[in-house]
Number of protein chains: 2
Amino acid sequence: MSERIIKAFKTAETEKISHLDYFNIAVSVDCVILGYENKQLKVLLIKSDLEEFSGLNSLLGDLVRPDEDLDEASYRILRERTGLNDVYLEQVQTFGRIGRHPSGRVVTTAYFSLLDLHHHQLRLSHNDLHWHPISKVGKLAFDHKDILDSCLHRLRQQVLERPLIFSLLPEKFSLRQLQEVYEAILGTELDRRNFRKKVSLKDWLVDLGEMETDVPHRPGKLYKLNPALKKRLRARLRVS
Amino acid sequence: MSERIIKAFKTAETEKISHLDYFNIAVSVDCVILGYENKQLKVLLIKSDLEEFSGLNSLLGDLVRPDEDLDEASYRILRERTGLNDVYLEQVQTFGRIGRHPSGRVVTTAYFSLLDLHHHQLRLSHNDLHWHPISKVGKLAFDHKDILDSCLHRLRQQVLERPLIFSLLPEKFSLRQLQEVYEAILGTELDRRNFRKKVSLKDWLVDLGEMETDVPHRPGKLYKLNPALKKRLRARLRVS
DNA sequence: TACAAATATGTACTAGAAACACATTAACCT
DNA sequence: AGGTTAATGTGTTTCTAGTACATATTTGTA
């Protein structure tokens with residue numbers, strides 16, 4: 001089978017390179033899973049179990065299996081590690097530097113996902129797995145800091161234009177809560193009045209006719225995500 | 001070496017899967033190389049030499065070598081096929097559907113590049129290699145139509161904000177020529193006056209103080225790309 | 001009952017995009 | 001040589017989206 005692949009790519013020089021050379025590259029997926037708590041954006045990390053990176057954290061990743069799509073692999077990792085299925089995942093970029101994995105050649109594709117850190121179905125599968133505030137992430141194993149940064153960059157680019165953010169929030173939320181999430185992601189303060197105007201133009205929200213409870217001040221209205229968009233957020237779509 | 005990689009990714013289930021399974025995925029790079037001629041955007045295609053796709057065209061691609069970066073592989077392909085070095089290349093997306101290659105499992109990363117189709121150093125390395133108008137591209141081999149579309153989408157998104165387009169043009173060009181390239185890429189007509197205003201605000205251009213020659217009407221001023229930006233276009237940078 | 005703190009809504013200003021008009025220059029034709 | 005044609009080159013006006021900013025309202029608390 002793999003001989004067929006090499007023949008299928010017959011440039012002049014491939015002849016010289018043996019089968020084993022080409023099939024000595026592994027393919028992996030790394031997931032940047034972001035949550036939100038205490039007005040902070042957090043990322044799901046695990047202690048690296050490689051000697052080379054002892055003491056360092058790394059992203060959640062795994063080798064892609066021969067029988068699964070790249071996208072499927074990222075959903076599998078999310079499911080295995082968090083118990084959650086049907087959460088929005090988006091491919092961001094592929095990292096293929098030669099020396100990026102100390103044990104050999106691994107090309108990895110980065111995906112990011114946003115999810116409600118307090119979701120009742122969320123079960124972290126491993127003791128060393130933990131939520132880490134983005135602002136306190138230092139050195140990570142491999143090139144995972146680069147991967148994290150590229151996902152954050154993509155997220156910041158798109159978050160105001162696309163309704164990605166709602167998987168970070170509970171079903172019902174107030175406009176203040178929504179704004180706080182945006183501020184945590186973008187790292188800036190937003191004008192409350194302009195923010196509300198901008199959101200209201202987008203028809204992302206449905207007014208629930210309910211109010212906040214247990215807040216030590218005037219309660220705000222509660223909203224939920226427009227159900228039409230909710231479907232799209234859950235769909236396993238490659239979004240270009 | 002590769003045993004080490006599998007150990008480095010020790011999820012519960014990896015144990016069951018053998019070394020050969022994991023190292024049966026190949027990694028390739030496909031390049032969407034775009035040029036411009038006769039008011040048309042064109043893409044560099046080659047006749048597929050796989051039986052399964054006989055008669056169909058495909059993008060330029062090759063397996064990634066064990067000793068080269070992913071980015072390097074794309075530059076190598078560009079160099080081997082066109083003779084050109086130091087042309088802007090940008091990673092777009094990675095495609096990893098299981099059935100995408102009939103000979104086996106190949107995960108491919110798409111890059112796009114823009115270049116002047118009349119560049120004097122341009123030498124197409126193969127007889128079947130040819131420029132194909134974007135508007136007339138039909139079915140392509142593999143999932144190359146999807147890859148082409150995703151690159152075009154990215155290009156259209158970015159072309160107005162970033163000075164990508166200038167590698168499609170000769171050294172000296174008029175504002176009309178520049179506008180025509182934009183129109184070919186975006187597939188729309190642009191207002192000449194607004195277009196000129198927009199471009200002039202960006203300090204992308206330097207007025208050469210020269211005029212067009214050999215045009216059957218009033219000649220326009222000639223411009224070149226601001227040299228400061230030119231460096232950036234040639235740099236082999238991963239742009240996120 | 002007054003005060004503090006947050007919600008809710010609205011207005012004025014500004015910058016950028018879109019729509020639109022006219023004078024100028026060079027080649028071509030008679 | 002002079003008029004015609006077809007492009008270049010430079011505005012102006014209008015609209016829209018974004019930013020800055022103010023005031024009234026509602027609830028909890030002292």
Side-chain angles (χ1 to χ4, degrees), chain A residues 36 38-39 156-163 165 169-226, chain B residues 38-39 156-163 165-166 169-226:
Chain A
Y36 173 79
N38 276 341
K39 308 197 180 179
R156 287 177 181 139
Q157 256 185 348
Q158 305 206 341
V159 76
L160 281 168
E161 309 307 323
R162 293 169 47 194
I165 206 175
L169 288 163
E171 277 291 304
K172 305 176 177 185
F173 52 85
S174 68
L175 291 179
R176 175 179 39 77
Q177 286 177 290
L178 184 63
Q179 182 176 343
E180 281 168 356
V181 179
Y182 272 100
E183 290 178 336
I185 290 177
L186 297 173
T188 57
E189 300 216 328
L190 300 172
D191 182 89
R192 189 166 41 88
R193 294 154 291 190
N194 293 335
F195 174 76
R196 288 161 116 94
K197 208 185 304 169
K198 183 156 191 166
V199 170
S200 72
L201 286 174
K202 290 207 191 278
D203 85 332
W204 287 351
L205 301 184
V206 176
D207 187 337
L208 286 168
E210 298 174 50
M211 299 302 246
E212 283 180 299
T213 52
D214 302 323
V215 282
H217 53 74
R218 172 178 175 183
K221 288 192 201 173
L222 289 175
Y223 295 81
K224 67 172 184 179
L225 178 61
N226 180 340
Chain B
N38 277 341
K39 307 195 180 181
R156 286 177 181 138
Q157 256 184 348
Q158 307 207 339
V159 76
L160 282 169
E161 309 307 323
R162 291 169 47 194
I165 205 176
F166 299 94
L169 289 163
E171 278 290 304
K172 305 176 179 186
F173 51 85
S174 68
L175 290 177
R176 173 180 39 77
Q177 285 177 292
L178 183 63
Q179 181 176 343
E180 281 168 356
V181 179
Y182 273 100
E183 290 177 336
I185 290 177
L186 297 172
T188 58
E189 299 217 329
L190 300 172
D191 181 90
R192 188 167 44 89
R193 295 154 290 189
N194 293 335
F195 174 76
R196 289 160 114 92
K197 210 183 305 170
K198 182 157 191 166
V199 169
S200 71
L201 286 175
K202 289 207 193 276
D203 86 331
W204 287 351
L205 301 185
V206 176
D207 187 336
L208 286 168
E210 299 174 50
M211 301 302 246
E212 284 182 300
T213 52
D214 303 322
V215 283
H217 53 73
R218 172 179 174 184
K221 288 193 204 174
L222 289 176
Y223 295 82
K224 67 171 183 180
L225 177 60
N226 180 339

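Below, chain A is the first sequence line, B the second, and so on; all start at residue 1.
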Collect all protein-nucleotide pairs involving nucleotides 15-19 of chain D in which both atoms are nitrogen or oxygen and the distance is under 3.5 Å.
from   : atom 1 : to     : atom 2 : distance (Å)
D:dT19 : O4     : A:K197 : NZ     : 3.3

Please enumerate all protein N or O atoms sitting under 3.5 Å from an N or O of nucleotides 2-4 of chain C, with distances to 0.1 Å.
none

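- Note: B:W204 and B:F166 have perpendicular aromatic rings, judged against thresholds of 30 and 60 degrees for the angle between ring planes.
- Side-chain contact between A:R196 and A:R192: present, with at least one pair of heavy atoms (C-beta onward) separated by less than 4.5 Å.
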Would you please test B:K172 and B:E210 for salt bridge (charged side-chain N to carboxylate O under 4.0 Å, His left out) and show each step?
CA-CA 9 Å; B:K172 305 176 179 186; B:E210 299 174 50; 3.0 Å; yes
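- Position along DNA chain D of the nearest nucleotide to A:M211 versus A:D191 favours A:D191 as the more 5'-ward residue.
- Applying the side-chain contact (heavy atoms from CB on, under 4.5 Å) rule to A:R156 yields the partners A:L152, A:I185, A:L186; only residues at least two apart in sequence or on another chain are considered.
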Give the C-alpha distance, both sets of side-chain angles, the deciding distance and a yes or no for salt bridge (charged side-chain N to carboxylate O under 4.0 Å, His left out) between B:R218 and B:E212.
CA-CA 9 Å; B:R218 172 179 174 184; B:E212 284 182 300; over 6 Å; no
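- Distance, A:F173 CZ to C:dT7 C1': 16 Å, rounded to whole Å.
- A:D203 meets the side chain to side chain donor-acceptor pair (under 3.5 Å) test with no other residue; sequence neighbours excluded.
- Put simply, CG on B:L190 is 9 Å from P on C:dA18, counting in whole angstrom units.
- Put simply, CZ on A:F195 is 17 Å from P on C:dA6, counting in whole angstrom units.
- One cannot find a donor-acceptor pair under 3.5 Å joining the base of D:dG11 and the side-chain atoms of B:R193.
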Might you list the N or O atoms of the protein lying below 3.5 Å from N or O atoms in nucleotides 27-30 of chain C, with each pair's distance?
none

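- Side-chain atoms of A:E189 never come within 3.5 Å of backbone atoms of A:E183 as a donor-acceptor pair (strictly under, hydrogens ignored).
- Ionic pairing of A:E171 and A:K224 is not present here: no N-O contact between side-chain nitrogen and carboxylate oxygen is shorter than 4.0 angstrom.
- Aromatic rings of B:Y182 and B:F195 (six-membered ring for Trp) have centroids within the 6.0 Å cut-off, being under it.
- Per the geometry, CG belonging to A:L178 stands 12 Å off P belonging to C:dT7, to the nearest Å.
- Here the closest heavy-atom approach between residue B:D207 and residue B:Y223 is recorded as CA-CD2, 3.6 Å.
- A 4.5 Å side-chain heavy-atom check between B:L169 and B:L225 finds every atom pair outside the cut-off.
- Counting all heavy atoms, side chain and backbone alike, A:K39 lies closest to A:A184 at O-CB, 3.9 Å.
- Judged purely by atom type and a 3.5 angstrom limit, B:E161 has no side-chain atom pairing as donor or acceptor with the backbone of B:Q158.
- Between A:E212 atom CD and C:dA5 atom P there is a gap of 17 Å when expressed in whole angstrom units.
- At a threshold of 4.0 angstrom between heavy atoms, the contacts of B:R192 include nucleobase atoms, whether or not backbone atoms are also involved.
- For the segment residues 202-210 of chain A, the set of residues with a heavy atom within less than 4.0 Å of an atom of DNA chain C is empty.
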